[in-house]
Protein chains: 2
Amino acid sequence: MVKKGGIPITEAFYKLEPDKQQRILEAVLKEFATQGYDKASTNRIVQEAGIAKGMLFYYFKNKQELFRYALQHSIKYLTEEYVSKLDYTEPDFITRFQKAVESKMQAYLKNPYPFALLANAYIQKDAIAIAPDLYQELEELTANGLQQMFANIDTTLFRPDLAPEHIINLIRWTIDGWSNETIAALQNQDLIDYDWDTGVIDFRELLAILRKVLYKEEADNGDFKG
Amino acid sequence: MVKKGGIPITEAFYKLEPDKQQRILEAVLKEFATQGYDKASTNRIVQEAGIAKGMLFYYFKNKQELFRYALQHSIKYLTEEYVSKLDYTEPDFITRFQKAVESKMQAYLKNPYPFALLANAYIQKDAIAIAPDLYQELEELTANGLQQMFANIDTTLFRPDLAPEHIINLIRWTIDGWSNETIAALQNQDLIDYDWDTGVIDFRELLAILRKVLYKEEADNGDFKG
DNA sequence: AATAAAATTGACCGCAGTGGTCAAGAAAGG
DNA sequence: CCTTTCTTGACCACTGCGGTCAATTTTATT
């Protein structure tokens, strides 16, 4: 047993051939993400991963450590694939939000389980008892992200007859609504290779509408001035 | 055992004093709504309801029938307290949606468990295997409701430079976003007697903004014409 | 080749909690 | 008083769980 990144884990797991390691990781993420901590079954995990029961507890001390590992990996995944790509310097709120959603969708399409696991663990409060440190890390991450997401926005772009916070809410709810429905639609159709490029066209059209409706009439964008 | 409303149930349950019947009903709804079918425990139900284990199976044949009963009751509750109050003749879409949301919120505040149970059973697909007839009834109810909700809208109220379906989506997403957040905020504060009247003020303000932004400039509403 | 060490297996264990039963007793009705 | 209805909770068989470990195979070392 050894400490790596704050999580004690048998060395053996890291020495595995990457293929097998990956298979186990995916099985673990999938099980916890779809079932939640309580319902998740180590038997199903080993079955899905194609290893013997004993191996799982050779690599991980117990179910709780296994969950901690899954949780930490999910946080890392979201941080690297999504949060790190956020651009808080973009003053145009719609553009900022747009980039965020597009990053999120790409990360989600690449692997939805970390998202599902975190959402699940967060609302079912599993993580509080089992991994309070990671739970807090997650809370800070989101609180921090949200705070920055809505800070330093160039509100002079907004139409002046509405309060900026109202405009922000309208944009937020609209985009969230659109992405929720898009993701829900993806659940039904199975495909892993969804054509995000066509979906993005709808999305950009939506953003154009939001601009037209909530921003100042664009005298011009400086593009063809003079 | 006897058939009532399509569900076979021991007569005995209906003969109970209303208090006890109500206590049992509430315990059943709460358990299935919060735990889902699999996790729901008959032991917890009898404990919560304050009756002996034997009585539950004296009133209901088994867990499945119990779930059917809870499901049917929830459908009935939503139909009577919410769906029946929808007004599909209102041509102004925002007004129509507004009434719907306010009805829904009132029904939800009165008793959230039927909503939670149906949502849970629907997404976890519990109802398909256990009560396919009720599942289908539920599906038809929602499909029907949605279809009517968005039919026969007076699109001449909308600003003409945007496609009506876009405007409808914007309104839908905004209002849904607002109500989701309002409900989420309610979860955190416990109180059963939430002051909906003040919440409704925010809501109406939101609607006014939507009108200003998505409807034609109101030359007037006929109120002070002439 | 021989030996030691590491990796892997899956049958097995105790256990917690499940849905469901039923003999026994209490209450109510005639 | 007897009969019927209601009510109890100890009890049961069972399932699936997390976790173990003696035995076996594979790999590394000498």
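Residue numbers begin at 1 in each chain, while the letters A, B, ... track the order of the sequences.
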- Item | Spacing of A:F60 atom CZ relative to D:dT20 atom P, expressed in whole Å | 15 Å
- Message: Tell me the interatomic distance from A:E31, atom CD, to D:dC17, atom C1', rounded to whole angstroms.
- Response: 12 Å
- How close or far is atom C1' of C:dT21 from atom NZ of B:K63, stated in whole angstroms? 17 Å
- Item | Length of the line joining B:L16:CG and D:dC6:P, which is rounded to integer Å | 9 Å
- Item | Worked verdict on B:I45 versus B:I51 for side-chain contact (heavy atoms from CB on, under 4.5 Å) | CA-CA 9 Å; B:I45 290 172; B:I51 59 172; over 6 Å; no
- Message: Can you tell whether the side chains of B:R172 and A:E181 come within less than 4.0 Å, N to carboxylate O?
- Response: yes
- From C:dA6, D:dC17, C:dG20, nucleotide with atom closest to B:F57 side chain: C:dG20
- Query: Taking atom OH of A:Y59 and atom OH of A:Y14, what is their separation to the nearest 0.5 Å?
  - Reply: 13.0 Å
- Item | Spacing between B:K39 atom NZ and D:dG16 atom P, to the nearest angstrom | 17 Å
- Item | Closest nucleotide among C:dT8, C:dT18, D:dC6 to the B:R44 side chain | C:dT18
- Taking only the side-chain heavy atoms of A:A52 (C-beta and beyond), determine which of C:dT18, D:dC6, C:dG10 contains the nearest atom. C:dG10
- Calculate the interatomic distance between A:M55 atom CE and D:dG19 atom P; express it in whole Å. 17 Å
- Does the distance from a Lys or Arg side-chain N to an Asp or Glu carboxylate O, for B:E102 and B:K85, drop under 4.0 Å? no
- Atom CG of A:N43 to atom P of D:dT15: distance rounded to whole Å? 15 Å
- Item | Candidates C:dG20, D:dT8, C:dA6 - which lies nearest the side chain of B:I51 | D:dT8
- Query: So what does B:K20 touch, heavy atoms closer than 4.0 Å: a base, only the sugar-phosphate, or nothing?
  - Reply: sugar-phosphate
- Query: Given C:dG20, C:dT18, D:dG18, which nucleotide is nearest the side-chain atoms of A:K53?
  - Reply: D:dG18
- Tell me: CD of A:E17 to P of D:dT26, nearest whole Å? 14 Å
